[in-house]
Amino acid sequence: MNPLLSGHQLDAYLDEAEHAEQRQKEAEVADDLRQSALLALLHRQPCKADTVLAVRRLHRLWLRAGDADAALRVLSDDGAQVTTTLPADELPRARVSLSFWRIEVLQTATAGAALGEAMAHTEQLLTEQGASDTADDAWAHLARLAQRSDDHNAVRRCAAARHKLRVGQADRARYRAWDDSMLALRMAESYAAEPNPEHARLSMRVAINALAGAAPDQDVDHEDWLKLGQSVVAVAPDLMGTVVNGARACVVKLAKPLSPARWRDVEVRLARLEALAYQRQGQLDQALAKAVQGRFSLQHDEDDGFSALVLAWLVQAGRTEQAARLAFECVLNERPGSKFAACELATARMADATDLDFHWPLVLACAASADQTQWVCQGEEPSAFVQRQLALAESRSPRHPAIRLVSALQVMDAHQDYAQALPLLEAAMQWPDLTGSDAIERLWRCRMQVYGVAKALDMPFVDSASAGWCYNVAAHLGQHMRQSLPEGTAWPDARVDQLAARYYERGLAKYEAFFATGQGFFKDGDIHGYSMLCNNLAIHYRQPLEDYDQAIALHHRGIGASPFAEHYSGLRQCYQSAGNDVEFVRAADRLWHFVSDHGFSRHSPCDYVDDAAQALGRLDRYPEISIWLQRLDEWWQTLDEDEQAESEHAYLDSLVITLVTLADSQPEDALARLQPALPRLGEVGVQGLSRVVALVLERAGQCQAAVDWYQSSLTLKQRDGEHDRMQHDEAKKGIKRCQQALRSGRPWWRFGT
């Protein structure tokens with residue numbers, strides 16, 4: 001008989017078993033065969049778990065092998081033994097974990113009374129533990145397990161326990177209304193699942209009233225109402241009007257008003273909730289009317305799932321023509337989520353001999369050209385399938401612009417025939433609904449391929465109906481269009497930049513029109529896209545136009561919509577270029593704090609710390625320079641060895657330039673900060689850096705040391721460039737000043753620099 005494995009030997013054995021199972025999964029071994037192999041492996045070797053982790057791993061392997069009784073024995077025998085050896089501070093958590101694992105195992109089998117006893121035992125353990133860092137998560141997990149077992153009374157007890165914990169937390173006093181609302185909401189959802197619709201509705205009303213009647217000192221905002229609304233849809237959709245009014249009231253009362261972009265984002269989300277609520281109540285026409293206001297892409301959407309819902313509603317309402325147009329839109333623009341629903345719907349509608357809408361074969365033609373949806377071909381060769389669908393669409397609606405567009409895309413993708421595709425694209429662009437970013441990008445590429453870049457840029461501007469499409473076209477022109485042309489193609493950067501800027505400006509106008517009216521196209525709701533457009537257009541205004549006021553206004557609009565670090569960095573650069581020291585320092589400070597809170601991979605304080613110090617010197621705010629030095633050091637300490645090696649020169653350069661300014665008012669502090677860095681500065685041996693070190697020493701009254709550093713800088717290698725000659729001349733001037741001060745014996749500050 002094989003020896004009983006425990007300790008490190010057991011860990012190694014469990015590693016082997018888990019890896020073997022994983023390899024079988026990757027090899028796509030059938031589930032039953034994989035389970036049998038694992039069961040045989042576990043039966044071959046007796047094991048005894050002697051740690052909580054080992055108990056967890058071993059019982060779960062037995063469970064995956066299909067032997068729930070063996071899994072329970074591990075928990076009962078090995079688990080009980082392990083708890084007798086644990087320190088007192090680890091024991092409560094271990095007992096709770098074992099209890100949870102027992103419930104999970106029992107839920108896989110017909111456990112009867114044993115499951116109820118395990119649930120009750122876990123409740124008792126959590127009650128005895130009281131408040132802890134993990135108590136809320138533990139009660140939430142128990143509630144999920146209870147929900148899985150349809151133990152609705154236990155779910156409600158868990159909700160009450162979580163609420164009691166939160167009420168006992170002094171730092172949550174401002175969130176009491178929200179906590180009360182969450183308790184009632186969880187009760188409502190439990191009653192709805194039971195099902196007990198009357199109690200569910202009453203509890204949901206309590207949840208709504210908790211927010212609506214919140215005292216002035218309570219932290220309740222429109223986001224809370226929107227979260228609540230998602231549950232109201234499922235439990236009591238007729239109460240959605242109260243949620244919408246509550247959210248709008250919160251927006252109105254905000255101390256800092258929402259920007260137009262963020263206000264529209266809220267309105268779109270509310271419209272979606274209202275549409276869902278109408279649909280739940282069977283009011284399909286009202287749902288579809290409201291869906292028009294909600295079917296826009298939003299910043300935090302993971303996919304276009306809402307359009308997929310609308311597609312189903314349209315078919316249910318008998319509006320198949322609208323469904324066909326929406327399905328084509330979703331697939332043409334390859335929208336995640338909705339394009340799959342559109343393909344399934346098109347396949348089904350093509351089987352209906354009475355539905356002759358030309359959009360359905362167009363949907364399939366578009367889908368066949370994309371990797372993720374080529375399954376629509378059902379084994380047919382994709383290019384042949386596309387041609388057959390295009391011919392069918394043409395027979396149903398001859399020479400329709402949408403057919404021309406899809407034909408042009410197919411010609412370009414399959415044959416790179418730009419001359420054939422170009423007239424088809426030009427004709428299709430007369431229809432606003434077809435002016436997607438991909439279509440316009442291809443139009444410009446065709447023009448450039450057929451006529452050359454210079455002549456193409458003389459051709460008429462092609463507007464896009466959507467703000468988001470305009471943004472995409474502009475970004476593509478600036479970053480990717482050149483790469484799509486033959487190598488060596490002449491590229492007039494300035495003219496292309498002007499064209500991109502025109503698309504940015506058109507996109508800006510369309511975004512802001514949508515924010516004001518709610519009328520627009522699908523991509524116009526993405527406020528982060530709007531923010532990125534503001535940043536890119538601001539860069540154009542800053543360089544090369546030097547229109548700093550316009551650029552600053554755009555950065556502020558972007559921050560109001562969806563802030564990110566480039567906006568704060570752009571503001572800093574604008575104010576610096578405009579010579580506004582006060583606002584430059586303020587912008588640099590905001591950039592530092594934003595990056596500290598949110599991160600920014602391209603952030604380097606070396607880009608602006610020394611500039612901030614010089615601006616503070618001009619403003620006679622010298623004491624603040626020490627704050628920036630501290631920030632520079634804080635940033636430096638966060639870098640690993642490789643990052644420090646890469647950034648060392650920039651760091652030292654920024655440090656010594658900052659110390660030059662500090663030495664004007666606080667020479668002792670400047671010297672104290674410089675001294676530890678002197679050995680490394682000497683090793684680096686850069687002429688300009690050594691000269692600035694000398695300047696710090698000179699301004700701090702250390703004239704002899706300054707002369708030494710000035711002379712050292714003169715010995716360093718030069719590149720014969722204008723910058724090096726300037727450094728050389730400045731070092732000689734510095735030596736002359738210092739020697740004069742040393743000969744006269746007069747204090748250093750009596751001499752100018």
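Residues: numbered from 1 along the sequence shown.
- Within the model, atoms CG of L86 and CZ of R93 stand 12.0 Å from one another, a figure rounded to the nearest 0.5 Å.
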Derivation and outcome, side-chain contact (heavy atoms from CB on, under 4.5 Å), residues F306 and S338: CA-CA 8 Å; F306 187 71; S338 62; over 6 Å; no
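- For the atom pair CG of L5 and CG of L14, the computed distance is 8.5 Å after rounding to the nearest 0.5 Å.
- Using a 4.5 Å cut-off on side-chain heavy atoms (C-beta onward), I208 and W225 make contact.
- When the shell of 6.0 Å around CD of Q644 is examined, it contains more than 12 heavy atoms from other residues, nucleotides or ligands.
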Stepwise side-chain contact (heavy atoms from CB on, under 4.5 Å) test for L126 and L142: CA-CA 10 Å; L126 293 180; L142 182 58; 3.9 Å; yes
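- Looking at K523 and D526, no side-chain N of the basic residue comes within less than 4.0 Å of a carboxylate O on the acidic one, giving no salt bridge.
- Close placement of the H141 and F100 rings is indicated, their centers lying within 6.0 Å of each other.
- Judged by distance alone, the side chains of E18 and Q22 never bring a donor and an acceptor atom under 3.5 Å apart.
- The pair D265-R262 does not count as a salt bridge, with every side-chain nitrogen at least 4.0 angstrom from each carboxylate oxygen.
- Judged by distance alone, the side chain of Q107 and the main-chain N or O of L145 form a donor-acceptor pair under 3.5 Å.
- A donor-acceptor distance shorter than 3.5 angstrom exists from the side chain of T638 to the backbone of W635, with no hydrogens or angles considered.
- Among residue pairs with one or both ends in residues 62-94, those qualifying as ring pair (Phe, Tyr, Trp, His ring centres under 6.0 Å) are H43-W62; sequence neighbours excluded.
- Side-chain atoms of Q81 and K48 include no donor-acceptor pair closer than 3.5 Å.
- Residues passing the ring pair (Phe, Tyr, Trp, His ring centres under 6.0 Å) test with H593: none are found, sequence neighbours excluded.
- Between the side chain of S132 and the main chain of A135, a donor-acceptor pair closer than 3.5 Å is present.
- With respect to the salt-bridge test (charged N to carboxylate O, under 4.0 angstrom), the residues D217 and R174 do not qualify.
- Using the six-membered ring where Trp is involved, H567 and H555 have ring planes that are perpendicular, over 60° apart on the 30 and 60° scheme.
- E274 places no side-chain N or O within donor-acceptor distance of the main-chain N or O of K290, the cut-off being under 3.5 Å.
- S307 and D304 form a side-chain donor-acceptor contact under 3.5 Å, judged by distance and modelled atom types alone.
- For residues 66-77, the set of pairs meeting the side chain to side chain donor-acceptor pair (under 3.5 Å) definition, not counting sequence neighbours, comprises S76-R102.
- No side-chain heavy atom of D151 sits under 4.5 Å from any side-chain heavy atom of L115.
- Put simply, the side chain of Q35 gets close to the backbone of R64: a donor and an acceptor are under 3.5 Å apart.
- With F522 as the aromatic partner, R335 meets the cation-pi criteria of under 6.0 angstrom to the ring centre and within 45 degrees of the ring axis.
- Under the ring pair (Phe, Tyr, Trp, His ring centres under 6.0 Å) criterion, Y278 pairs with no residue at all, not counting sequence neighbours.
- Salt-bridge formation is detected for the pair R269/E223: a Lys NZ or Arg NE/NH1/NH2 atom is positioned less than 4.0 Å from an Asp or Glu carboxylate oxygen.
- A donor-acceptor distance shorter than 3.5 angstrom exists from the side chain of D224 to the backbone of D221, with no hydrogens or angles considered.
- Counting heavy atoms from C-beta outward, E643 and W636 have side chains that stay 4.5 Å or more apart.
- Side-chain atoms of H222 and L258, non-hydrogen and from C-beta on, do get closer than 4.5 Å to each other.
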Verdict with reasoning, S562 to S531, per side chain to side chain donor-acceptor pair (under 3.5 Å): CA-CA 6 Å; S562 179; S531 185; 4.9 Å; no
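- For the side chain to side chain donor-acceptor pair (under 3.5 Å) condition, the pairs that include at least one residue of residues 154-165, sequence neighbours left out, are E123-R157, D136-R162, N153-R156, R156-S190, R156-E194, H163-D180.
- Residues F296 and F514 bring their aromatic ring centres within 6.0 Å.
- Below 30°, between 30° and 60°, or above 60°: for H598 and F594 the angle between ring planes is between 30° and 60°, a tilted geometry.
- No side-chain donor from either of Q279 and Q283 sits under 3.5 Å from a side-chain acceptor of the other.
- Once rounded to the nearest 0.5 Å, the distance linking CG of L61 with SG of C47 reads 9.0 Å.
- Counting heavy atoms from C-beta outward, F515 and S259 have side chains that stay 4.5 Å or more apart.
- Summarising the local packing, CD of E646 is surrounded by 12 or fewer heavy atoms from other residues, nucleotides or ligands at distances under 6.0 Å.
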Chi angles and distances behind the side-chain contact (heavy atoms from CB on, under 4.5 Å) call for E267, Q293: CA-CA 8 Å; E267 285 294 318; Q293 302 170 35; 5.8 Å; no
Audit row: D78, D50, side-chain contact (heavy atoms from CB on, under 4.5 Å) steps and yes/no: CA-CA 7 Å; D78 298 359; D50 56 356; over 6 Å; no
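- Ion pairing between a basic and an acidic side chain is recognised when a charged N comes within 4.0 Å of a carboxylate O; D171 and R166 show no such pairing.
- S36 places a side-chain N or O within donor-acceptor distance of the main-chain N or O of D32, the cut-off being under 3.5 Å.
- In this structure a side-chain-to-backbone donor-acceptor pair under 3.5 Å is present from Q218 to A173.
- Listed by first and then second residue, the salt bridge (charged side-chain N to carboxylate O under 4.0 Å, His left out) pairs involving residues 198-208 are R201-D238 (not counting sequence neighbours).
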